[in-house]
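Here's the structure we're looking at; comments come further down.
When reading the values below, keep in mind they use all heavy atoms of this one structure, side chains included, and skip hydrogens, waters and symmetry mates.
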Amino acid sequence: MEFSDIISLIALLIAALSLGMNFWFNWRQIPLLRHSLKKSQAEALEEKKADIGAKVVKLGNSKYRVKIFNRGKAAARNVQIEFPDSNGLIPDQEIRDKFPMEVLEQHDSVDLIAHVHMRTPRKHAVLLKWADDHSDSNEKPSYLTL
């Protein structure tokens, strides 16, 4: 074995070691890449979703409003509000005038006049329905509390 053969053998061992380390490094990256892919897919899905909510807002001593809002990242279409139990809070005319809403953009809201008196129940169940880029039939139950 000559000197050039020894140098070639050392170069071959270094190349094999480098190839093995590269393979090991790439093998360890696979779970991170899968996690990154899942995260980016979830973020892309969130970009298509609207998140509609409702709450009671008190204005002054005896004035109340029900605020319907969109805190999602997409616009909500055909927004509807239903009262599964009974509606003793918002006048029917107010609901008919404003709903169904054609579009409720991100960070937009709509206020509804609420009539509160001594015998008004303190808790009202509300069912919010809408369509967005993710689904055409989204529903979310909510509870309005005075």
Side-chain angles (χ1 to χ4, degrees), residues 1-60 63-114 116 120-146:
M1 194 177 244
E2 293 185 25
F3 182 71
S4 63
D5 293 337
I6 294 172
I7 296 293
S8 297
L9 185 61
I10 291 173
L12 180 64
L13 289 174
I14 291 173
L17 181 63
S18 174
L19 182 65
M21 289 177 65
N22 191 17
F23 179 77
W24 178 79
F25 178 76
N26 288 339
W27 184 259
R28 302 244 331 173
Q29 292 295 316
I30 290 172
L32 294 175
L33 292 172
R34 284 185 183 144
H35 176 71
S36 177
L37 179 62
K38 286 180 185 176
K39 186 175 179 181
S40 64
Q41 288 172 339
E43 288 173 357
L45 185 63
E46 284 299 315
E47 292 289 327
K48 295 180 178 184
K49 288 184 175 181
D51 185 15
I52 305 298
K55 66 180 179 179
V56 176
V57 179
K58 184 174 183 180
L59 305 172
K63 292 185 179 184
Y64 290 88
R65 299 284 188 265
V66 173
K67 184 177 287 279
I68 309 296
F69 54 88
N70 180 4
R71 62 177 159 223
K73 294 186 177 185
R77 297 181 309 276
N78 194 27
V79 179
Q80 300 174 29
I81 183 172
E82 295 178 3
F83 291 86
D85 300 331
S86 63
N87 175 18
L89 186 62
I90 302 169
D92 291 336
Q93 187 63 39
E94 182 79 358
I95 294 172
R96 280 193 302 271
D97 287 348
K98 296 181 180 178
F99 289 93
M101 285 193 69
E102 289 75 16
V103 177
L104 188 61
E105 296 288 341
Q106 177 186 12
H107 303 300
D108 274 355
S109 64
V110 62
D111 289 342
L112 302 170
I113 297 169
V116 177
T120 303
R122 296 293 171 214
K123 189 174 185 181
H124 297 270
V126 174
L127 183 62
L128 302 166
K129 295 181 178 184
W130 71 94
D132 56 23
D133 293 338
H134 170 31
S135 174
D136 286 336
S137 59
N138 298 295
E139 289 185 358
K140 182 178 181 182
S142 186
Y143 295 93
L144 302 174
T145 308
L146 300 175

What are the two closest heavy atoms between [X] and [Y], and how far apart are they?
{"X": "F69", "Y": "A54", "answer": "CE2-N, 3.6 Å"}
{"X": "A50", "Y": "A74", "answer": "CB-O, 3.4 Å"}
{"X": "T120", "Y": "G88", "answer": "CG2-O, 4.3 Å"}
{"X": "A125", "Y": "P84", "answer": "O-CD, 3.4 Å"}

Looking only at atom types and distance, does a side-chain atom of [X] sit under 3.5 Å from a main-chain N or O of [Y], one as donor and one as acceptor?
{"X": "S18", "Y": "I14", "value": "no"}
{"X": "K140", "Y": "I52", "value": "yes"}
{"X": "S8", "Y": "S4", "value": "yes"}
{"X": "Q80", "Y": "K129", "value": "no"}

Spacing of [atom1] belonging to [X] relative to [atom2] belonging to [Y], to within rounding of 0.5 Å:
{"X": "K67", "Y": "L112", "atom1": "NZ", "atom2": "CG", "answer": "10.0 Å"}
{"X": "L45", "Y": "E47", "atom1": "CG", "atom2": "CD", "answer": "10.0 Å"}
{"X": "L144", "Y": "L89", "atom1": "CG", "atom2": "CG", "answer": "6.5 Å"}
{"X": "S135", "Y": "K48", "atom1": "OG", "atom2": "NZ", "answer": "12.0 Å"}
{"X": "I30", "Y": "N26", "atom1": "CD1", "atom2": "CG", "answer": "7.5 Å"}
{"X": "K73", "Y": "H134", "atom1": "NZ", "atom2": "NE2", "answer": "14.0 Å"}

So do the side chains of [X] and [Y] get within less than 4.5 Å of each other, counting heavy atoms only?
{"X": "E139", "Y": "L127", "result": "yes"}
{"X": "V110", "Y": "V79", "result": "no"}
{"X": "L59", "Y": "R65", "result": "yes"}
{"X": "L37", "Y": "R34", "result": "no"}

Counting only heavy atoms not in [X], do more than 12 sit closer than 6.0 Å to its [atom1] atom?
{"X": "Q41", "atom1": "CD", "answer": "yes"}
{"X": "R28", "atom1": "CZ", "answer": "no"}
{"X": "K98", "atom1": "NZ", "answer": "yes"}
{"X": "Q93", "atom1": "CD", "answer": "yes"}

Inset, instruction - Show your reasoning for whether side chain to side chain contact (heavy atoms under 4.5 Å, CB included) applies to W130 and N70. - result: CA-CA 11 Å; W130 71 94; N70 180 4; over 6 Å; no

Inset, instruction - Evaluate side chain to side chain contact (heavy atoms under 4.5 Å, CB included) for V116 paired with R122, printing each intermediate quantity in order. - result: CA-CA 9 Å; V116 177; R122 296 293 171 214; 4.1 Å; yes

Legend entry - Charged N-O contact under 4.0 Å between D132 and K49: no

Legend entry - Residue list, salt bridge (Lys or Arg N to Asp or Glu O under 4.0 Å) with R77, at least two apart or on another chain: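 For R77 the salt bridge (Lys or Arg N to Asp or Glu O under 4.0 Å) partners, ignoring immediate neighbours, are D133, D136.
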
